[in-house]
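Working notes, beginning with the structure itself.
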Amino acid sequence: VTGGSSHSTLMYETDRAVFGGRCAIVWFLFAPGFCKMGTRSGHFPDASAWIDGALYLTARSHTPSYAGFKVDFSALNMPKPQGQRHGYPAFKAGFS
């Protein structure tokens, strides 16, 4: 959580994880913060067989007209794209 103003929670249900968060403006950057979830360890199966599949999200927002929401994912050892200098390598896309 950047700037310490955004907060998130993760709850496990029978067939899903429910991630909730509140992204706040980082006062010293005058920019929105972010909330994220990830894993720290474990062995996960290769998901590349579903490369043409989909990621289904149900999102609720107090600002539904905001069009800048994004989702990203990455993996340990994922190569950094040429020219990327900041952050970790990831696939990132907007959604609506």
Side-chain angles (χ1 to χ4, degrees):
V1 178
T2 300
S5 297
S6 300
H7 301 280
S8 61
T9 60
L10 180 63
M11 297 182 322
Y12 297 100
E13 295 185 359
T14 305
D15 60 345
R16 66 183 148 227
V18 178
F19 178 71
R22 178 182 173 276
C23 293
I25 300 298
V26 179
W27 67 270
F28 57 90
L29 297 174
F30 302 103
F34 64 91
C35 293
K36 73 178 208 171
M37 68 181 219
T39 61
R40 292 191 177 156
S41 64
H43 178 74
F44 301 95
D46 182 352
S48 62
W50 290 276
I51 195 71
D52 293 323
L55 175 66
Y56 294 99
L57 300 172
T58 300
R60 284 177 266 178
S61 173
H62 292 288
T63 55
S65 61
Y66 177 68
F69 293 110
K70 296 189 183 324
V71 63
D72 84 4
F73 25 148
S74 182
L76 185 67
N77 304 324
M78 184 174 168
K80 229 178 208 190
Q82 186 174 2
Q84 181 180 354
R85 299 183 324 209
H86 304 291
Y88 57 90
F91 169 78
K92 186 179 287 186
F95 65 93
S96 58

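This one's a predicted model, so the numbers in the text were calculated from it and none came from an experiment.
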- Message: Which heavy atom of Ser6 sits nearest to which heavy atom of Cys23, and what is that distance?
- Response: OG-CA, 3.4 Å
- What one should report as the nearest heavy-atom pair of Ala24 and Arg22 is CB-NH1, 3.5 Å
- Task: Check whether any side-chain heavy atom of Ser8 sits under 4.5 Å from a side-chain heavy atom of Phe19, and report yes or no.
- Result: yes
- Minimum side-chain heavy-atom gap Glu13-Val18 below 4.5 Å: yes
- Query: In chain order, what residues pass the side-chain contact (heavy atoms from CB on, under 4.5 Å) check against Phe30, with sequence neighbours excluded?
  - Reply: none
- Does Ile25 belong to the same Ile/Leu/Val/Met/Phe/Trp/Tyr cluster as Trp27, with side-chain heavy atoms less than 4.5 Å apart forming each link? no
- Please check if the side chain of Ser61 supplies one atom and the backbone of Thr63 the other of a donor-acceptor pair under 3.5 Å. yes
